[in-house]
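Take a look at the structure set out below.
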Amino acid sequence: ADAADAAPADADAHPVPTSSATQGPALATAAASTEETNVGAATATQTDTSGHKGCHWLAVCTRSGTLAMYELPSFEERLHMCTFGLLPRVLRDTRPDAVEATLSAGAAFAAAQEGELAMIVSEISLHSMADDSRLYLFAVQHHTHLAVYEAFPFHYNATDPATAKYDGRLQLRFARVEHHSQLRVREKIKHKTKKSEEERGKAFSLSAFYHGHLRHINPFGNVGGFSGVFVCGDQPLCCMIGSRRELRIHRVSCGGATNHFAAFSNAVCKQGFVVYTRQGHMTIAMLDTAVNADNLWPLRKTPLRQSPFHIAYHHETQTLPLVTAQAYHNVFAAATHNEPPPPPTEDVPMEETKNPRFIPPQDLKFVMHLVSPVSWHIIPATTVEFEPYEHVSAFKVVNLKAQQHISGLRGYVAVGLTTVLGEEIACKGRIVVYDILEVVPEPGQPLTKNKFKKLCEVQQKGAVTALEQVCGYVIGAVGLRDGSKIYIWTMTNGETLMPIAFAQANVHPLCMASLKSFVLVGDVVQSVHLYHAGEELSKEARKAGEKKFLVWLNRIARDVRPLDVVAVEILVQDQDVMFLAADQDANVISFNFDSSDPETEGGRIFQRSATFHLATHPLCFGRLQCRPSVDGSERKTHLGMYGTLEGSVGAFVPLAEIVYKRLYQLQSKLIATQDHTAGINPKAFRVVRTQGLYTLHNSVRTMVDANLVGCYAFLSVEEQLELARQVGTTRRQLLDDIFLFEHSTQNF
């Protein structure tokens, strides 16, 4: 039902504050003359917990930060919250309380306005967004921040004299919903060039025009099967309710800031929407039906029917090589005395298999596929099956030197295979290099335009444990009887792999990460080591005038403390480099390479700069470039994405020193002043935890917990101002710092 039908015609006769019109489905406003000017109003139809079914409610917010809800058409006040302008965590009815409470709240809001001018609630809206969902209150504060409140029933005790004054009031309270989203972008850095007064006035008037005529909150009934609210702004958001009846808030990429939104549906674009950007572009779009948006992150699932082990990205063809494995019952006898096993078809079944109660052992059969990023399905006729008893122990897309390519490098798929036949037989391995070619697709199957082509392989006397690229060559670790070694191979004429350099490794190198000519190697016992590869012309080549290079590999730094490393990565921030390592105890340790420090012995010993306990076991790292900065500064920063054994995904981001100091002080204040979940101390929870022989580690607490610091945005304005005063900065500066690293990690 439309609330406008329930409003009386003589609305001016009711003593209510003046309200600005907020139009839309199930929304209406009423206006009257009063001394106090209102900044936002909204109505909604909701069932009253006190017995008034099908009532219409009018919500009015004034410039003093007071939110009141009136029952239509009688305009009787049922809820009054005088602290709404401070955006507290819980909104409660304060009208029946003493007058001093209202005055103190008004004084606090006035004092807050003296320190911050951008705290006026410019727009509010009430929506249930589904028939059986709770009521949600959306509020936009000064066109920059979105606050979402969820209503929940709160019944007062009628027999208690202290709560008898709440008779006839709405038995509701609102709890704030946490979300890491803002409507604005960080202000750009002002350059030294001064603008003229006319340009400044024009820019100010244009901003005032957009903010004055911009309607942020736009409800929709059916867009892709979801109902919710689209919030316009510099960073548009979509708040929706799905089948799980939980509120989901996702960012929407519409080509920039949006000013207007409307639902749109026709024969071509069913259940879609149309947006109008600030640049004057109109976009008609619809949600992808294959993507499930009813999650914290929109995701798409592709059934494989197998267990994935490795995945990579091939840049030239924009495809994804994938390695999977499937368990099968092994009923064949394995070879003995270090002899290679015969093919499974010629093996003789074991005598034990004749017993009907015998349980055959299970083994893994590894297969390599090629996945299309268009359909996210396996491309037909691209499956490569490996030999039985061969496990894929290393997998990487490497850029090798290729004269036929413009850049001099071409991407190939390098696979490290290890033959596993038990404890009595020595492990052997091989390295196989594949190329992904573009061929003529089969009729009716356009995705079959890519195929695997085997180029070369090289046999190894030990297990291949890691592969990486460096200076256009393949670098890998091989476990031998006399110790592990690190080799560098070059591919000649696209047919053979020739070893050209090697170095003695540690006990068991398990992972590698490269950056230009530097390679970071992680060992399961002896922590991390940094190698440097280079090439120079030989004497014979110099005399003959040929370009034949000699490649060398040297270890330049290491960590002297033992550590069982499972994943490593190298991060870059401008001219600084940071090395990350994750161990088996769910700890992440950061290392610095500083040759000027005397404690490092000329840079030969790593320094631990930060430690952090994740509580989830990371398995792999991936380096991505951060999103371009919105403040106008051109900074080259990388972030390290990690995936854990428990199924979670996270990231590590380098911070500037001044930003780090502010956020670290804020983190210390939040730990000391705020209530934490289950009374757990976040500072003690993030301390490095080790087991076994590696317990003598001193924690270096120089890492900021984004989950903890992000809670600052959900505090009330009064609490934010107090914490900012203790830190020695402003509330706006802290919110900009939090938004900065949240914006840099939004790559998806």
Exercise: identify the closest heavy-atom pair between V521 and I486: CG2-CD1, 3.9 Å
field: E246 bridged to R248 by N-O distance under 4.0 Å
entry: yes
message: Quick check on the 6.0 Å ring-centre criterion: do Y136 and Y149 meet it?
response: no
- request: Considering only NZ, NE, NH1 and NH2 on the basic side and carboxylate oxygens on the acidic side, decide whether E390 and R430 come within less than 4.0 Å.
  value: yes
message: If I compare all heavy atoms of S527 with all of R561, which pair ends up nearest, and what's the gap?
response: CB-O, 3.3 Å
message: What's the separation between atom CD1 in I570 and atom CG in L580, rounded to the nearest 0.5 Å?
response: 9.5 Å
- prompt: More than 12 foreign heavy atoms under 6.0 Å from CZ of R251: is that the case here?
  reply: yes
field: Evaluation steps, side chain to side chain contact (heavy atoms under 4.5 Å, CB included), between V323 and I311
entry: CA-CA 6 Å; V323 175; I311 191 170; over 6 Å; no
query: Sub-3.5 Å donor-acceptor pair from the side chain of Q469 to the main-chain atoms of I475, do we have one?
result: no
message: For H179 and F714, take the angle between the two ring planes, folded into 0 to 90°, and tell me which bin it lands in: parallel under 30, tilted 30 to 60, perpendicular over 60.
response: perpendicular
- prompt: Do K365 side-chain atoms and F386 backbone N/O form a donor-acceptor pair below 3.5 Å?
  reply: yes
- prompt: Just wondering, are more than 12 heavy atoms of other shown residues or ligands nearer than 6.0 Å to CD in Q504?
  reply: yes
task: Would you name the heavy atoms of T745 and E742 that are closest together and state the gap between them?
output: OG1-O, 3.0 Å
Short side-chain donor-acceptor distance under 3.5 Å, R555 and H529: yes
field: D737/R662 ion pair, N-O < 4.0 Å
entry: yes
message: I'd like to know whether V371 forms a side chain to side chain contact (heavy atoms under 4.5 Å, CB included) with I379, so could you lay out the CA-CA distance, the side-chain angles of the two residues, the decisive distance to 0.1 Å, and finally the verdict.
response: CA-CA 6 Å; V371 179; I379 299 176; over 6 Å; no
Closest heavy-atom pair and its distance - L571, G640: CD2-N, 3.5 Å
Side-chain H-bond candidate by donor/acceptor type, T383 with H369, under 3.5 Å: yes
field: Check: F606 main-chain N/O paired with D559 side-chain donor or acceptor under 3.5 Å
entry: no
field: Any donor-acceptor pair under 3.5 Å from N292 side chain to R300 backbone
entry: no
task: State whether the side chain of R686 and the backbone N or O of F612 hold a donor-acceptor pair below 3.5 Å, judged by distance alone.
output: no
query: For the side chain of Q667 and the backbone of D705, is there at least one donor-acceptor N/O pair under 3.5 Å apart?
result: yes
statement: Minimal heavy-atom distance between I738 and V709, with the atoms involved, is CD1-O, 3.5 Å
field: Under 3.5 Å: donor-acceptor pair, side chain of N587, backbone of T611
entry: no
- prompt: Pairs in or reaching into residues 465-477: which pass salt bridge (Lys or Arg N to Asp or Glu O under 4.0 Å), with residues at least two apart or in two chains?
  reply: K396-E468
- prompt: Can you tell me if NZ on K669 sees more than 12 non-hydrogen neighbours from other groups inside 6.0 Å?
  reply: no
Parallel, tilted or perpendicular, as decided by the 30° and 60° cut-offs, for the rings of H532 and F518: parallel
message: If I take atom OH from residue Y389 and atom CG from residue D363, how far apart are they, to the nearest 0.5 angstrom?
response: 7.0 Å
task: Could you check if a side-chain atom of L740 sits within less than 4.5 angstrom of a side-chain atom of D736, using non-hydrogen atoms only?
output: no
task: Could you grab the distance from atom NZ of K485 to atom CG of N506, nearest 0.5 Å is fine?
output: 12.0 Å
message: Quiz question: by atom type and distance under 3.5 Å, do the side chains of E646 and H617 form a donor-acceptor pair?
response: yes
field: Distance, nearest 0.5 Å, that separates CG of L467 from OG of S393
entry: 7.5 Å
- request: Please report the C-alpha distance between V688 and H613 in whole Å, then the side-chain angles of each, then the deciding distance to 0.1 Å, and finally whether the side chain to side chain contact (heavy atoms under 4.5 Å, CB included) criterion is met.
  value: CA-CA 5 Å; V688 172; H613 181 68; 5.7 Å; no
query: Which is it for N399 and Y412 under the side chain to side chain contact (heavy atoms under 4.5 Å, CB included) test, yes or no, and what are the steps along the way?
result: CA-CA 6 Å; N399 294 323; Y412 299 94; over 6 Å; no
query: Using 30° and 60° as the class limits, which term best fits the ring planes of F621 and Y642: parallel, tilted or perpendicular?
result: perpendicular
Gap between atom OG of S372 and atom CD1 of I378 - 0.5 Å precision: 11.5 Å
message: So which atom in I488 and which in Y473 form the shortest heavy-atom distance, rounded to 0.1 Å?
response: CG2-CB, 3.6 Å
field: D594 backbone acceptor or donor facing T600 side chain under 3.5 Å
entry: yes
message: To the nearest 0.5 Å, what is the distance between CD1 on I436 and CZ on R410?
response: 9.0 Å
